[in-house]
Every structure is written in structure tokens, then in C-alpha cells.
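These notes concern the structure reproduced below.
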Amino acid sequence: MGSETQHPALSVQAQSEYDSNTQQLIRELQESMDILLARRGDPLDKAVTLRDLETAGIISVAGGSGTYIGAITIGSSVAGSGTALTLTVQSPTAPTISAINNSIDNNFIRWTYTPFNGYASSKIYRFATDSPGSAVEIGSTYGTTYWDTVDTSVQYWYYVTSVNTNGVESAKSSGVQSTVVLSPAAVATYLTDQITESQLFSTLETRINQIDGTDISGDGLVGETFIKIVGGAGGDKIAGIAAYGGATSDFIIVADNFAVIDPDFITSGATGEIPFQMGTVNGVTKISMNAATYIQDATITTLQVSGATITKAQIGAGDIWDLTIGDVIQSDAGNGYAGNPGWSINNNGSIHARAITIYDAAGNVVLDSSGLGAVEAAAQQTATLAAAAWSDVSGTTNAPEDNAEVNALGLNVKINYSGYTTANNGEMYVHGYTDGVASNTTGHIWLGSVKTSVAAGSIFGSGKSGWIMLRTTGVFAHGGTRQSLAVVKNDGGSWFYDNNSAWTAFTPDQTCWVVGTCYASGSDAGGIYAATLWPAGYSFNSVGGFADLDKITASNAPTYIADLAVDTLQIANEAATIPSGYTSGVTAYQTNGVELAVSTATLQVDYGASAPSKAILIASSLMSSVGTGGDWAAANMKLRYNTTNSLTILGSTVVQQVQVNSRKGAPPTLVCHDTITGWTGSRYFFLSTTVTGESVSATGWWRSSESTISVIGSRK
Amino acid sequence: MSAITYVLYDVDGTVTGVLSGSTETMDEPTGAFIEHVGSDIIRPRTHYILAGVVTPRAALTATWDTQVVVADGIAVATLATLPISCTVVVDGTPVVVNDGSFEFSADAPGDYTISIDEVTYLAQEWIVEAT
């Protein structure tokens with residue numbers, strides 16, 4: 001036997017590179033080759049070649065032309081010595097396509113043909129339709145298989161021919177159409193639709209659900225899924241999501257910066273398209289929201305604003321607890337200042353409002369922008385013009401000049417300064433307010449919960465005290481410009497008003513309201529010195545009499561004052577003062593005929609520059625005797641004063657003196673008094689006594705055991 | 001305007017004067033004084049100064065066994081229960097008593113004035129008749 005070349009079997013790895021059909025074909029070819037080469041099976045099936053026969057001397061082969069054998073002689077190796085066997089090249093017949101297998105990008109065509117002498121090759125044709133005449137040759141092969149790399153998503157018709165060594169081609173085989181193989185895109189689409197039901201998805205889902213138990217980074221977070229970005233500025237970075245392994249489900253974003261970004265930001269890079277960021281923004285750890293982003297329909301239990309700066313806030317509805325205004329809070333309509341609508345509350349306590357109404361719990365108006373309400377009036381302390389607030393009279397309008405500070409009630413009164421030299425001094429002028437400042441304008445007052453306007457004007461009077469009455473119908477004929485108002489009194493149940501010269505009887509009705517008080521000196525010349533207008537009026541029959549209260553008459557005798565603290569009591573326009581007094585103790589027995597100061601100290605009385613018009617002085621000395629006896633003596637006591645603190649008799653002034661004669665054993669008690677004109681500066685009062693015996697010496701008889709000086713005065 | 005009372009006194013606590021009035025009408029006095037607060041009336045005969053405090057003078061508890069004696073220089077009227085060490089004045093003549101008892105006798109008939117005016121006690125005066 002001739003030498004055989006041993007061919008190793010095809011490796012499994014090589015086979016695995018092909019699809020199952022190809023692998024099957026290879027296995028079949030390998031088995032056939034192994035049998036023909038006697039590597040497996042019965043050795044009798046081993047293939048014998050012409051070379052084997054010629055080498056064995058069974059045949060001799062004559063040379064032919066081309067690639068075929070000219071003649072084979074059997075029985076001798078010498079040419080011509082045996083029987084000649086001539087192989088004639090035969091015409092091929094049409095093969096038969098046995099199968100077309102395909103994959104993503106090729107069709108694998110297999111065919112068979114009837115063996116014939118002179119086989120040279122097979123040709124393969126392809127066309128889109130079953131049209132053998134139009135089919136185009138796409139290749140040729142010596143074998144019976146062909147790989148056609150083509151778009152297998154399109155079906156083609158294939159045809160095969162056999163060609164002999166003389167170039168004669170057989171007819172085309174019957175056409176066989178390939179099947180469609182899906183393109184990768186189509187496969188992907190198919191997988192997308194089907195993968196949720198696949199085992200792969202199930203497996204992955206299980207795996208995903210199991211991302212829960214491992215603390216990968218050792219930071220307490222479990223169930224971590226991270227993306228690691230290698231390199232770049234700052235080195236490697238890790239971002240991902242994680243959850244705590246505790247009892248609660250906490251979803252944690254692990255990142256230096258977490259942001260919600262408009263997709264356009266990726267391409268445009270516009271910073272305004274990052275509505276929300278949290279983490280380190282511009283080097284500061286914070287939560288950042290784009291200026292154009294706002295929170296809608298959110299509830300914030302506790303809002304802390306660092307730096308307390310909210311440039312503009314709009315609170316639709318909500319409660320504010322413990323609001324502190326650093327500067328001013330105001331309406332969007334304006335701050336309510338002069339010329340501006342709206343309102344404002346400043347941190348300095350000022351409130352400006354162009355229109356405001358305050359109600360009590362019952363819904364009654366307590367205060368509105370034009371003044372006090374009726375309810376408030378009952379509790380509101382009224383304002384009385386003090387002397388310092390008296391104002392002068394305008395020479396042109398006969399109205400007080402606007403120079404007096406008065407309480408900003410709805411209506412008030414000014415008193416013409418009593419010292420003014422023109423007419424109408426000491427009389428009243430009612431007025432209203434403009435922006436809280438007294439002005440010659442209409443004011444208002446509440447009458448039975450009805451706000452009633454009262455025009456400014458003068459109320460003439462003749463210096464009488466009484467109620468101020470406002471009547472809404474009719475007038476008081478007193479000559480002033482505002483005759484709806486007048487000073488009235490109720491004397492013994494009868495009503496009178498001052499007609500600018502005398503009390504005039506009138507009968508009030510329900511349109512008459514008592515709205516204030518007026519105190520006058522009792523004469524037109526002295527004028528009014530105090531007046532009050534109330535925020536609200538009272539019915540005329542709800543007030544008592546106001547008869548001659550500028551002086552206390554006998555009718556007031558049953559009235560007395562109990563438990564009254566008076567800071568300054570005025571009596572006839574003079575302020576009463578605390579009486580001054582000095583009581584001295586015992587002095588020495590006196591020498592006969594020698595005047596002796598019996599006061600052990602002086603009594604200083606100094607009214608300053610406000611000297612009273614009168615002062616009352618009372619002095620006394622209780623004389624005591626050294627013994628008994630019927631001898632007579634005279635005791636003289638003098639009330640003296642110095643203008644310096646001195647008990648010196650010489651040069652002092654005698655205010656008053658008294659002298660009494662008495663027996664030795666019955667010394668007198670000396671008492672004197674006087675009323676003198678007041679003085680400015682200090683006076684130092686003291687007492688002196690002189691004991692003079694009438695017929696005998698009185699030396700050592702009498703002395704003052706106690707002496708007293710009292711001074712009762714007042715101050716202007 | 002406020003009322004004020006100054007009480008003047010000497011070294012043994014005797015009140016020498018009481019000054020009352022308004023701070024607006026008088027200045028503080030000169031010499032020793034204290035400012036008295038209260039509405040009670042202070043007088044030299046009824047009060048004295050004890051350790052800087054205005055103190056009422058107490059009533060004497062002294063009693064006579066008789067206030068009528070025979071003017072023979074022998075009969076005696078005794079004033080007992082006197083403060084230990086006090087001065088009894090007989091018609092202007094002071095007598096110091098150290099044992100709490102004062103015995104009075106007279107040679108000539110007449111009324112004799114006997115008084116005691118100690119700083120801490122209310123002054124008291126008696127008339128003893130010698131017959």
C-alpha cells in the first residue's frame with residue numbers, strides 16, 4: 001500500500017464556530033473521509049486510487065491530454081500489453097438542490113448530482129424570483145456546497161448546474177427558495193418584545209431584586225449599585241444608589257451632586273435649565289433651585305431661611321406665628337403715607353393706613369380711619385386741653401392757629417388764649433383733623449353709634465362752666481359760627497345755655513347730646529380755661545346737673561370728698577401748701593426786763609417766686625413759773641423774723657406781739673396771730689418773750705416751757 | 001410738694017424743737033436733728049430722742065403718801081417709786097434723789113410746788129400743802 005497521510009480530526013472548537021447544519025455537514029464529511037482512509041469502519045471499505053492500482057501492477061495508465069487520463073490498460077503495467085479501458089467524458093445532467101440553510105448574513109446551499117465521467121465543477125445561480133433564465137451566476141465550486149453571503153432577510157431563488165471537463169454545462173437544477181432570516185435590528189426588536197417573558201429576564205430580575213445584602217463599600221449602605229467613573233479631574237468617582245440595611249427602606253443617592261436637569265441642558269449647557277440641585281454647588285453644600293423654579297402646593301412645617309432674606313414672597317393662605325418685622329410690612333397697594341394708598345407697619349411702631357376699620361367682638365365699629373367708634377368712646381379717656389396747649393386766635397378767620405398739640409380724636413376744641421388782646425379771647429373753637437393734625441375742618445363724633453359730622457367753628461361764651469351740648473336739629477343763638485354747639489347747664493332740672501352773655505332757658509330733646517365739658521373763670525374776661533370734647537355724645541338726660549360748679553355753694557354741702565388724693569389743690573387760683581410749724585422746748589427762766597428768744601431754732605418759710613397773696617401766722621408760748629406767789633408781772637411775746645437763719649433779736653422784724661399780766665404762780669399763755677401779704681425769698685420766724693415785774697423783780701420767775709409758730713400760706 | 005418734720009435735740013436726748021412744713025418752703029435746720037417720718041405729732045414735752053429714734057416719754061409712777069404735812073420741820077410727806085437718780089425741783093430748787101424716794105418737810109406753812117422733768121419721763125408737778 002502506498003503511504004497514507006494521516007489527517008487529524010477537526011477540532012470541536014473549530015466546529016463550534018459554525019451553525020448546527022454546518023457542523024453536521026462537517027461531521028458527515030469527516031466520517032466519510034475516515035472510512036475512505038480506513039480510519040474507522042471496515043478496512044475493506046477503504047478507497048483505492050488509480051495510483052494504488054498502477055503501483056500494484058494491475059493497471060497501466062496512458063497519458064491523456066489536459067486533466068483527464070487518456071487510457072487505462074488492465075493486466076499489465078506495460079503500455080499496450082493488457083486490455084485497454086478508455087474513459088469517455090460524459091455530458092452532465094442537472095443537479096438537485098437538496099437543502100438551503102441560512103444564518104443572519106448568508107445562505108448555505110447543498111446539492112447532489114449524478115456522477116459522470118469528466119466532472120469539473122458546479123455553478124450556482126441566484127435570482128429574486130423563480131426564473132431560471134434570469135438567474136445570475138454568483139459562483140462555482142468543485143464541491144456540492146456553497147456559502148452565499150447575502151442579506152438573508154430577503155428570499156432568493158437558487159439554481160445549480162454541473163460542468164464537465166470539456167466545459168459542457170448541464171441544465172439548471174430546479175429552483176429552491178431560501179427562507180428569511182431576521183436582521184439584527186429585527187432580532188433586537190423581537191427580543192425587546194419578548195424578553196420580559198424570557199428566562200433571562202426572570203434571572204436578571206431575580207438578581208436585581210437581590211441587590212440588598214452586601215455592604216460593598218463598607219460604609220453601612222447595602223444593596224448598592226454604583227457606577228465608577230475612572231480618571232478625569234479629581235480622580236476616580238463613584239456614584240450610585242444604595243439603601244440602608246435597617247428596618248426602614250431608605251433610598252440613598254450616593255453622589256457629590258444630585259441634580260434634575262432639563263434634557264436640553266445636555267446639548268445647550270444652559271445653566272438655567274437645571275431646576276434643582278443638591279450637594280456641593282459652587283463649592284458650597286446646599287440645595288439649590290433655579291431662580292425660575294418655584295414650589296407649588298407644598299407644605300413646609302418649619303422653614304428656616306439662612307440670613308433671613310426673602311426678596312419676594314407670596315403667601316396665598318397660611319398661619320404666621322411669631323412674625324418679626326425687621327423694617328416694614330406694607331400692602332402691595334402702597335405704604336399708606338400721605339398721598340399713597342394702602343397701609344404699612346414700621347418696626348418703629350408707626351402704622352399708616354388710608355382706610356382702616358376696627359370692630360369689637362360684637363361687630364361694632366371701634367375705630368375707623370376717621371376716628372374713634374362709639375364702643376371705644378365709652379372706654380376712651382377723653383382729652384382736655386392743658387393750659388400749655390391753649391392756642392392763639394387767628395386774626396383773619398377768628399379761629400385758633402394750628403399750633404396746639406391736641407389728641408387726635410375725631411373732634412376737639414381749642415381755647416383762645418385768655419391773654420389775647422382782641423375779642424373772643426377765652427372762648428372755644430371746635431375743629432377736626434387732617435392727617436391727624438388739628439385743622440380748620442369738619443370733625444366727627446359718635447351719637448348713638450352714628451358717626452355725625454360737626455363743622456368747625458366758634459362757640460361764643462361768657463365765661464360760664466357747664467356741659468358742651470351738640471344738637472343735631474335747631475341751633476343755640478349765641479352768635480358764634482357753630483351754633484349747633486353751646487355751653488349748657490342743668491340747674492334744678494331746668495336747662496340753660498350760654499348765649500354769650502347770660503344763661504338762657506331751653507328745652508332739650510332727643511336730638512341734644514352732651515359731648516363734653518367746659519370750665520371757665522366765671523367771667524367773659526377770664527374766659528374758658530379748660531374744656532373737653534368726648535369721642536361720643538351722651539343723652540342729655542343721662543348726665544347730672546352742671547350748675548355753678550365753678551364755685552361750691554350751700555347746695556353742695558351734703559357733698560363731701562372722701563379718700564381723694566389731690567396733687568395740687570387750687571383755692572382761688574392759688575395752690576395750697578403744707579402748713580409750716582415750729583415747736584420749741586423749754587427755755588431758761590428769764591431775767592427781769594430782758595427780751596429772750598424762746599424759740600430754740602427758726603422756722604424757715606420760703607415760697608420762692610410764687611409768693612401767696614396772703615399768709616396766716618399763729619404763735620403761742622406756754623409760760624411756766626418757778627414758784628407761787630401773788631406778785632404781778634407782765635409777759636410780752638413777739639413774733640419776729642430775720643431774712644437769714646438767725647435768732648438774733650436786734651435788727652429782726654416784728655410781725656405781731658402780745659402782752660399779758662399775771663401773778664407769779666399763774667404765768668400766762670401767750671397767743672398772737674396775723675394775716676400778712678406773702679413774700680418772696682426766705683423768712684426765718686422765731687419768738688421772743690420779755691418778763692417784767694411790776695413792783696418787784698421778776699427775775700427767775702417765768703420761762704417758756706413750750707412755744708409754737710405756725711404759718712399757713714399758699715403758692716400762686 | 002411733700003411734708004417733712006425735723007426733730008431737733010440736745011446731747012442728752014431732750015427735744016429742743018420740732019420743725020414741720022414742706023421741703024419746698026424750708027431747708028434743713030442746723031444743729032443736731034433727725035427727720036421724722038410719720039403723721040404723729042412730736043412735741044418736746046412728750047418725746048425724747050433715744051439712740052437716734054424719736055421715743056415717747058414714759059409716765060412717772062411715783063406716788064405721795066400724803067400731800068399735806070404739818071409745817072413743823074418734822075412731819076414728812078414721802079414721794080416714792082421715783083426713777084433711780086432723778087432731780088426733784090422744790091419751788092425752783094433742784095434736789096438730786098438717788099434712792100428712789102423723796103421726803104418733804106416744811107418749817108413754814110404754804111403751798112410748795114414740787115416737780116420732776118426727767119428726759120425720759122413726762123414732766124409732772126405736785127402741790128404739797130404745809131399747814
Side-chain angles (χ1 to χ4, degrees), chain A residues 566-569 575-587 589 598-608 610-612 615 622 624-629 645-647 664-665 678-679 681-687 700-715, chain B residues 1-10 12-33 36 39 41-49 57 89-94 108-115 117-119 122-130:
Chain A
V566 179
D567 182 66
T568 302
L569 175 63
T577 62
I578 298 172
S580 301
Y582 181 69
T583 299
S584 298
V586 64
T587 59
Y589 290 100
V598 295
S599 295
T600 52
T602 61
L603 170 62
Q604 179 195 15
V605 180
D606 187 348
Y607 296 111
S610 303
L622 174 64
S624 60
S625 175
V626 72
T628 60
N645 185 12
S646 170
L647 292 169
K664 177 182 179 181
W679 58 91
S682 289
R683 288 186 177 180
Y684 298 86
F685 296 92
F686 64 99
L687 289 174
W701 286 8
W702 294 343
R703 64 178 178 181
S704 175
S705 61
E706 183 175 281
S707 62
T708 300
I709 305 171
S710 296
V711 179
I712 303 172
S714 59
R715 305 183 80 178
Chain B
M1 184 169 63
S2 59
I4 193 166
T5 298
Y6 299 111
V7 180
L8 291 75
Y9 61 97
D10 60 17
D12 62 359
T14 300
V15 174
T16 59
V18 179
L19 189 63
S20 62
S22 165
T23 55
E24 294 183 343
T25 58
M26 62 184 188
D27 299 328
E28 290 184 350
T30 58
F33 72 92
H36 177 67
S39 59
I41 296 175
I42 309 300
R43 290 289 180 265
R45 66 178 183 276
T46 58
H47 292 79
Y48 73 106
I49 305 301
R57 299 170 73 167
V89 178
V90 181
D91 280 349
T93 302
D111 290 341
Y112 294 86
T113 300
I114 299 173
S115 62
D117 190 6
E118 293 294 324
V119 173
L122 291 170
Q124 193 163 354
E125 185 179 85
W126 299 271
I127 300 296
V128 177
E129 182 182 6

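Everything quoted here is computed from the prediction, not taken from an experiment. In what follows, chains are A, B, ... by sequence order, proteins preceding strands, each numbered from 1.
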Engaged part of A:Thr602 at the chain B interface, taking heavy atoms whose separation is under 4.5 Å: backbone
Turns out that what part of A:Ser584 lies under 4.5 Å from chain B's heavy atoms comes down to both
Do you know which of B:Val18, B:Thr14, B:Thr93 has the most heavy-atom pairs under 4.5 Å to chain A? B:Val18
Among the listed options B:Val89, B:Asp91, B:Thr16, the residue most often paired with chain A at heavy-atom distances under 4.5 Å: B:Thr16
Can you tell me how far CG of B:Asp117 sits from OG of A:Ser705, rounded to the nearest 0.5 angstrom? 9.0 Å
Distance check, rounded to the nearest 0.5 Å: B:Asp27 atom CG versus A:Tyr684 atom OH? 5.5 Å
Is it the case that atom CD1 in B:Ile41 sees more than 12 heavy atoms from other parts of the structure closer than 6.0 Å? no
Report the residue from A:Ile709, A:Leu603, A:Thr600 that forms a side-chain contact (heavy atoms from CB on, under 4.5 Å) with B:Leu19. A:Leu603
CD1 (B:Ile4) and CD1 (A:Ile578) are apart, to the nearest 0.5 Å, by 9.5 Å
Write down the atom of B:Pro44, the atom of A:Thr583, and the distance for their closest heavy-atom approach. CD-CG2, 3.6 Å
What one should report as the nearest heavy-atom pair of B:Gly92 and A:Val626 is CA-CG2, 3.3 Å
